[in-house]
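This report concerns only the one structure given below.
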Amino acid sequence: MIKRIKKKSLGIVLTDRYVEVVYAEKTAGQTPKIRCGRTPLPEGVIRDGKITIPGKVAALIVKLLKQEKIPLRAATVLVPDAQTVAQILDLPAEIPANMHKYIHTEIRYSPILAKRTPYSDFRKLGTDEQGKEKILIGMTTRECIDNLVQCLSLAQVEIRSLEMDFCALQRAIDSQILSGQKQKHLLLSALTGQTLTIWVYLNNKLDFLQRFTIPDKVESRPTVLERLAATKQFYEIEKGYSFHRDWNIMTFLDIDCRNREAWTENLSSLFGAAAKFYTPADLSQTIGQSGESVSFTGFGAAWKGIENDSSQTAPELLPRFFVEHYAWKRTARLTAIAAAVLIFVLYAGTLFFHSLRPAHGQTVNPTTTGQMIQLALEQEQIRREIDDLQKLRRITETLIRYESAFSPTGLLNEVTQKIPSSLQITRLEITEEGFLSLRGRALSFQTIHQFASALEQSERIEQATVEEARTSPSSSRVYD
């Protein structure tokens with residue numbers, strides 16, 4: 001008998017207008033099963049991609065998961081479209097040693113990143129016709145990531161991956177629309193939230209990418225057509241391509257629309273028969289989904305956990321710190337559960353051995369004296385093991401309690417902001433008892449004590465003391 005492996009995955013989409021959860025389940029050789037739910041958001045709950053009321057959004061996510069009977073609590077989450085930057089960059093002849101610093105320098109004028117801490121990832125795209133190395137970069141801010149983590153934590157959902165909307169949409173296109181067909185050239189456009197993305201593939205290689213803000217959804221069609229016409233003109237005049245052959249043109253909306261005929265007519269007048277128009281209703285029909293229509297972005301987010309091959313070109317916007325943090329949290333909880341189970345088993349064993357001891361006044365058979373001594377020794381060993389496991393459980397519970405009491409990211413960001421320019425941190429660690437230990441170097445004793453006083457002003461820190469300060473062996477002007 002051949003056991004078929006079942007894969008399950010969850011995708012969550014957050015925009016200014018709605019929250020969507022999509023659950024995908026696939027068994028080898030069978031048609032995938034999709035369950036999805038979407039609920040509109042009151043105006044202002046998510047504004048310009050920022051979740052202003054995390055508790056409200058978390059409650060809606062929990063409600064959708066229960067309503068659709070979705071068992072998973074780990075998901076691929078799409079960063080709100082208004083909080084992302086995507087661009088194709090040409091690398092210089094000499095590859096920068098620090099790629100992230102180079103990316104931040106190149107994109108520093110984006111209004112999304114103004115006065116915020118940027119976070120970026122990139123994927124190599126290979127070389128173009130002139131031999132220039134190209135990369136696809138994705139960017140958001142640490143503030144946006146913290147905002148998402150806070151909201152999803154309230155919903156008891158673990159973030160497995162953070163990515164941009166058009167990357168998830170591309171995954172849905174590859175798996176359900178193109179289905180492995182070889183295409184020479186593709187012109188794709190998608191309207192997600194308030195963002196229009198236009199991207200072009202030449203000979204199956206990403207060649208062009210631009211994102212535009214579309215503030216008014218009601219009048220979005222003329223703006224989309226205008227941007228598509230400009231892209232068409234660029235490739236016809238500047239690069240000499242003809243859209244009458246070897247091209248597929250596809251436009252996607254994240255919600256169903258009533259003026260489908262107008263969209264189809266306008267796209268056909270611009271590109272001819274090669275133009276195709278898609279809404280969530282088309283995807284639902286393709287995958288055999290009944291009931292609530294599933295968006296292409298939501299399906300693509302959920303599909304990442306089913307087939308991960310096409311996601312290799314998608315920048316990952318979840319910092320490694322959070323991946324390790326989630327892994328530590330899972331390990332701590334499993335350790336606590338295992339310790340509790342072992343304590344119960346050992347305690348039951350102790351009671352069993354105790355029941356074997358002779359009652360008061362009962363004659364002890366000399367032949368069993370050695371067995372009783374052995375049982376006593378084993379009982380003592382079991383008691384010691386129980387004490388060790390109880391200590392382990394207490395430590396684990398303490399760690400979980402401290403972990404839930406504060407945001408590690410928020411604490412580290414606050415500590416970083418309070419570091420004076422004349423002080424350098426060389427080591428940072430959090431002990432099992434929940435103490436934050438810092439070591440570093442400064443140019444004066446006064447700087448060290450001022451830093452400790454600044455830390456005490458934090459609501460997250462109960463007390464900050466300087467345990468030791470001495471002249472550094474390497475320099476009489478530096479203090480450790």
Side-chain angles (χ1 to χ4, degrees), residues 9-23 35-84 116-117 119 140-163 165 193 297-298 301-302 305 317-319 321-334 336 396-414 434 458-460:
S9 184
L10 175 63
I12 297 179
V13 182
L14 300 170
T15 73
D16 289 8
R17 295 175 293 109
Y18 66 85
V19 175
E20 182 182 36
V21 298
V22 181
Y23 172 76
R35 294 205 297 270
C36 68
R38 179 189 296 186
T39 183
L41 283 177
E43 186 176 356
V45 174
I46 298 182
R47 181 180 291 111
D48 296 328
K50 181 181 179 181
I51 304 173
T52 58
I53 311 178
K56 177 74 172 179
V57 177
L60 290 174
I61 292 174
V62 171
K63 182 179 178 180
L64 285 173
L65 293 174
K66 290 182 178 180
Q67 176 181 306
E68 301 302 326
K69 299 179 181 179
I70 297 175
L72 293 185
R73 292 299 182 269
T76 295
V77 180
L78 301 190
V79 181
D81 55 281
Q83 291 290 322
T84 58
R116 299 179 183 177
T117 306
Y119 181 82
T140 185
T141 65
R142 290 301 295 263
E143 290 81 358
C144 175
I145 295 172
D146 291 342
N147 186 225
L148 286 171
V149 171
Q150 178 193 9
C151 176
L152 272 297
S153 296
L154 292 174
Q156 298 296 310
V157 174
E158 174 185 330
I159 301 177
R160 289 288 176 86
S161 176
L162 275 179
E163 64 178 8
D165 52 275
T297 49
L317 296 181
L318 182 65
F321 170 83
F322 287 104
V323 178
E324 296 172 350
H325 168 68
Y326 284 128
W328 174 86
K329 192 173 181 179
R330 288 195 301 271
T331 302
R333 284 178 175 171
L334 289 174
T396 304
E397 290 174 347
T398 301
L399 289 174
I400 293 175
R401 187 168 60 254
Y402 278 113
E403 185 275 335
S404 60
F406 66 91
S407 166
T409 308
L411 176 62
L412 294 178
N413 287 339
E414 187 169 354
S458 171
E459 296 180 354
R460 295 185 174 94

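The two residues L318 and R160 make their nearest non-hydrogen contact at CD2-O, 3.8 Å. Here the shortest heavy-atom pairing between I12 and V21 reads CG1-CG1, 4.1 Å. The two atoms that bring C144 and V79 nearest to each other are SG-CG1, 3.7 Å, heavy atoms only. Closest non-hydrogen pair, V157 versus A75, comes out as CG1-CB, 4.1 Å. A301 and S9 make their closest contact through O-OG, 4.5 Å (heavy atoms, listed as atom of the first residue, atom of the second, distance). G193 approaches D81 most closely through the heavy-atom pair CA-OD1, 3.6 Å.
Distance CG/L41 to CD1/I46: 5.0 Å, rounded to 0.5 Å. Taking CG of L10 as the reference point, atom SG of C36 lies at 11.5 Å (rounded to 0.5 Å).
Formation of a donor-acceptor pair under 3.5 Å by the D16 side chain with backbone atoms of G49 is found in this model. Between the side chain of T84 and the backbone N or O of T140 there is no donor-acceptor pair closer than 3.5 Å. Distance alone, capped at 3.5 Å, places no donor-acceptor pair between the E158 side chain and the R73 backbone.
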Atom pairs and distances, donor-acceptor, side-chain atoms in residues 50-71, under 3.5 Å, two or more places apart:
| residue | atom | partner | partner atom | Å |
| --- | --- | --- | --- | --- |
| T52 | OG1 | G44 | O | 2.5 |
| T52 | OG1 | V45 | O | 2.8 |

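Residues that satisfy the side chain to side chain donor-acceptor pair (under 3.5 Å) test with Y119, not counting sequence neighbours, are absent from this structure. Applying the salt bridge (charged side-chain N to carboxylate O under 4.0 Å, His left out) criterion to R38, with sequence neighbours excluded, gives E20.
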Exercise. Between L14 and L148, does a side chain to side chain contact (heavy atoms under 4.5 Å, CB included) hold up when you go through it step by step?
Worked result: CA-CA 10 Å; L14 300 170; L148 286 171; 3.6 Å; yes
